[in-house]
Amino acid sequence: MKRILSQAVKELAQFRRDRLTLALALLLPLMTLLIFGFAIRLEAKDIPIVIQDFDNSQLSRLYTEKLFATNQFTPVNWQSAPETALDYNFAKAAVMIPPDFSQRVTGNQSSEVQVIVDGTDVNNARVIKNSIKATTQAFLQDQKLIPENRLVVPETRLWFNPGREESLYIVPGVYAVVLWIFPSLLAAIAMVREKERGTILQVYASDLTAGELILGKALAYLVVGLGMAIVIMGIGALIFRLRFAGDPMPLLIGTPLYLWASVMFGIMLGARTASQNAAVQGVALVGFLTALLLSGFIYPLSNIPFPLSLVSNVVPARYFIGITRDAYVRGIGWSGVWFNLLMIFGLGLILFNVARKALSRMQLGD
Amino acid sequence: MVRNASPTAIALQAQDAARVPLIQVRDLRKNYGALAALQGISFEVYPGEVFGLIGPDGAGKTTTFHILGGVMEASSGMVDVLGQKPRNARLNIGYLTQQFSLYLDLSIDENLRYVAGLRRVNEADLQQRREKYLALMGLEQIGGRLAGQLSGGMKQKLALCCALMPQPQILLLDEPTTGVDPVSRREFWDVLATLASEGMTIVVATPYLDEAERCHRIALMYDGQINEVGTLKQLRLNLGLQRLEVRTEDIPATEQVLMPLVEKQTADLVDVQMFGDRLDVLVKDPTQAEPEVRRAIAEQGIVCQSIQQSEVTLENVFVTRLRQQGSDPPFIPLPRRVRTDSQVMRSNGDVRSAPVAIQARQLRKTFGTFQAVKGVDLEIRYGEIYGLLGANGAGKTTTIKMLCGLLPASGGEIALAGQTKNLRSRELRKRIGYMSQKFTLYDDLSVVENLKFYCGVYEVPTGYRQQKIDWVLEICGLQGQENMLTGRLPGGWKQRVAFGASVMHEPEILFLDEPTSGVDPLARRQFWRLINNLAQQGTAVLVTTHYLEEAEQCNRMGFMVAGEVVIQGSPSQIKAAQPGQLIELRVDQTQRASSLLKTQLESWRVSIFGDRLHVVLDQPERELPKLQSVLAAAEIQLLAQRVVPFSLEDAFISVVQRTEMGTKHRVD
């Protein structure tokens, strides 16, 4: 135990002196938090749209007003053929109202409004399409053009995030990404640096075991990671106004566990690579890819296709996102996330063993 | 273990008495894939012994240390350290690895504390040993300084402190003094001698053969095998040769006279080596050979100044043995394209009348508030080899960088090949060769790709490129392996390739910054033959080096101390300019005598060389009797004493120490 501590103390002293690692530990996580927190917006807003109103009646103008009332669209002034606005990327959609629009509608005849949507961005195209459909439906209801007594009426209520605040969705996920990437990066650098500079020979020449070496380093970077977690969670709460939704205990216990897994991941890669470059690239690439794409941070887990969905089961970020979202949004507490904590701890243990195996001989290879 | 006995006494005692070796190695083998790094070596190391492992790069020294230190598994064979496997004995072994084994971003104290933690040393012992060892190394005042800010010598002393922290029974030192300046090297070895006298068993590898002479026993290693083990005396005896130091008016011409005699093998001459202002001729029987040499020289009308007989040095032994192994790298002069003006000028007469190639007047450089170079004057002619010597941080590299235009000077004048302006012009740069201290080759290119690249950079005409590249490959012994990645070459080989790359364009002026650090003696010898050959063709060469023994090869040299050239002249002039005399003493208790004499004299004046003491005395007539009585009072028996000529290293240390005390010397 004493040797683990002395290893950790040395590691922290080195950490304090290295500008690169200090930046990695403080500045970059904060920047990542701000960039992700502000830049990622999934809700479509202010979509440019061209309206060609051949009818130009009171009714047709009411219809267009209804479209813009959602704040989802902004009008684009376009004189030539509306479809060219899509060609030149000035608008994402075009709505063409026929000359006999009001005539036919008031005459209780069906009128065809043509809508062209730019399908390049698949997701947005669907959003635009649904939105126009829904507004048209609302327009018809307002104008009393469809009967009141429908038989099935869905009464929708949004739980947990009734205001549909996007930061509530994104920021807890960012915590998981940041606390996965940076602690593991620091730990990987610390591990591989010993090999690169040859100081690892001194460790090999003592009778320190691989487990002690790894735990010593892990302890140091666990401390660093906790500092990082306090900073970004504190600042995140201030800027994005996050409040605990329920019992914070799972998060308070889950964060050190998650950091442990993160640090072990870094040490494991550090133990298996030969240079800082390789280690940094390995951690950054594997870490970013899994934490961003396979964790449910942005893309729903249920959307991940079959073989990849198996991989996502062993991505600790996935389980930690469950914990942070519970803490800040859902507020269910232990009963909702106990399994996540278990998984994170278990994955950390597996990573620890892989790292220990890589170093088990505590000797130079051939 | 008997305290304070002389190292020889201990070694003899160890051999005579119990003969229980602390380290026993039998038929040790190690393979890295297809490469056999160790091909069955065997040796023993006895308690209290300083055991030297010397050999060229790639001989397998570091592999041996890794196995002894328990950080690497042997492929086969028996290794027994302190009666167990090295791995189980690790806590009783202090291991200083070849790369600095310190954490450079930790302070001295933090490094010590970390090692103490690693090696299960308790707090009380840590404090006590910290004080003891830091005092021994002279580092006690600066415990808070970062290891990265220490000089090379101090770093190695600190690394030694760390290795000593758990009070091991055995110290393994893998080239502890490589890249360390002469003053620090000597201090380091004094510390080793002290430790050995306290009963520490030390195994040490070193590329400096003068240092290796201070070991009790020496193993010569080559190509994964140990060729010979013995005391310095035994090795000399086994070689069965004597050395003649020949000084003449024209050294290169003399070498050309004597070389054929060696090659004929009918004469008594075995080998000839050139050292700046003298030739070392190895002979079987000096009484027969000396007249022979005199006659041969006289026949060519060369005036012979002196011939002195002396014992062979370890370097002589080593080089001769390696040559018997057939591992002498070939000496092939650089294939030349054209005769330059400077060559014509050189061939007309001797160096002193050749035009000046490199000139500096009152050259200064300041970095912020730090004065790195303070008013250096240099004048180097075509055909001359000028050596710039000095400790780490004395300003050598800065001076070279300013001279070849890589660094703007803060003040003073520079003239290169007669030009004073536009020192970075394309035309001028093509006439200059520069080999920097750090490797300038691309590790991720193959050897031949590197050479092709430099051919292109220096605009070697296309028709000559193949010839030049072949030449470099040949002098490096790399034919057939030219497609090997440069990063895979051992350090010494990279140096040779880098040297080849820097002279392919036949520069008139050549700057070499520490060209031979990490290069083994045989390759160093080849290096110097090539440099000598270039100089004879009229190239002006400015070289910096740490190895004072090889500095003897320079025609003239300057010692730099703290940014100033404090003394200039030929090696003989510098040695002759030393005030006082160098006295060699043989006593029965070397270590005790050394400690005692250091209480009487300034400590730099006393140093241990193997089983002898070197003492520098300004007024020997008055001081020597006093020292003799001091020794006699302490019951130390004086076996022999004689006046020996100053070596360059003695001169260097003396100059540095006197300068630091405020006295200046100048020879013109």
Side-chain angles (χ1 to χ4, degrees), chain A residues 1-25 186 189-217 219-220 274-278 359-366, chain B residues 30-35 37 62-63 65-75 86-107 109-123 126 146-149 159 162-163 165-166 168 172 174:
Chain A
M1 192 58 214
K2 221 189 138 201
R3 299 210 288 177
I4 296 177
L5 268 181
S6 94
Q7 182 79 27
V9 167
K10 172 223 117 191
E11 222 44 71
L12 285 175
Q14 280 188 293
F15 165 75
R16 208 155 42 89
R17 300 229 167 81
D18 189 349
R19 282 159 195 275
L20 170 74
T21 55
L22 268 182
L24 275 180
L186 290 173
I189 291 174
M191 187 68 230
V192 82
R193 192 171 46 191
E194 296 242 12
K195 290 204 276 183
E196 223 174 32
R197 298 198 183 153
T199 45
I200 192 91
L201 274 180
Q202 281 311 307
V203 180
Y204 289 164
S206 72
D207 64 343
L208 199 75
T209 63
E212 287 173 318
L213 172 72
I214 294 171
L215 288 177
K217 284 194 188 295
L219 186 61
S275 72
Q276 283 202 37
N277 258 335
L359 288 172
S360 65
R361 290 173 59 226
M362 292 296 272
Q363 264 186 342
L364 292 173
D366 286 354
Chain B
K30 175 76 193 178
N31 302 316
Y32 300 106
L35 178 78
T62 297
T63 305
F65 276 107
H66 281 343
I67 293 172
L68 289 179
V71 302
M72 190 185 263
E73 206 82 58
S75 300
R87 221 174 146 62
N88 302 328
R90 280 181 299 179
L91 278 191
N92 280 313
I93 302 174
Y95 182 15
L96 212 74
T97 45
Q98 194 172 6
Q99 287 165 294
F100 289 138
S101 38
L102 298 168
Y103 294 93
L104 299 182
D105 37 11
L106 295 185
S107 71
D109 283 337
E110 285 166 339
N111 265 298
L112 289 173
R113 188 166 287 278
Y114 173 61
V115 170
L118 206 57
R119 299 246 171 184
R120 306 177 195 271
V121 177
N122 65 40
E123 184 66 28
L126 164 65
L146 290 190
Q149 293 167 356
C162 289
M165 191 41 82
L172 304 177
D174 191 1

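The structure presented is a predicted model; accordingly, all values stated were derived computationally and were not measured. Protein chains get the first letters and strands the later ones, always in sequence-line order, with residue 1 at the start of each.
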What one should report as the nearest heavy-atom pair of A:Gln14 and B:Tyr103 is NE2-CD2, 3.2 Å
If one checks every heavy atom of A:Lys10 against chain B at 4.5 Å, the contacting part turns out to be both
Comparing A:Ala205, A:Ala13, A:Ser6 against chain B, the one with the most heavy-atom pairs below 4.5 Å turns out to be A:Ala205
If one checks every heavy atom of B:Leu146 against chain A at 4.5 Å, the contacting part turns out to be side chain
All heavy atoms of B:Asp105 vs all of A:Arg17, minimum pair found to be O-NH1, 2.7 Å
A:Val9 meets the side chain to side chain contact (heavy atoms under 4.5 Å, CB included) criterion, sequence neighbours left out, with none
Margin query: Quiz question: by atom type and distance under 3.5 Å, do the side chains of A:Gln202 and B:Tyr114 form a donor-acceptor pair?
Written below: no
Q) So does B:Glu123 pair up with A:Lys2, basic N to acidic O under 4.0 Å? A) no
In terms of heavy-atom contacts, B:His66 and A:Leu201 come closest through CE1-CD1, 3.4 Å
When the 4.5 angstrom heavy-atom criterion is applied to B:Arg113 and chain A, the contacting part is neither
Here the pair of heavy atoms bringing B:Leu118 nearest to A:Val203 is CD2-CA, 4.2 Å
Bottom line for A:Glu212: the part with an atom under 4.5 Å from chain B's heavy atoms is neither
In short, A:Asp207 meets B:Arg120 closest at the heavy-atom pair OD2-NH2, 3.5 Å
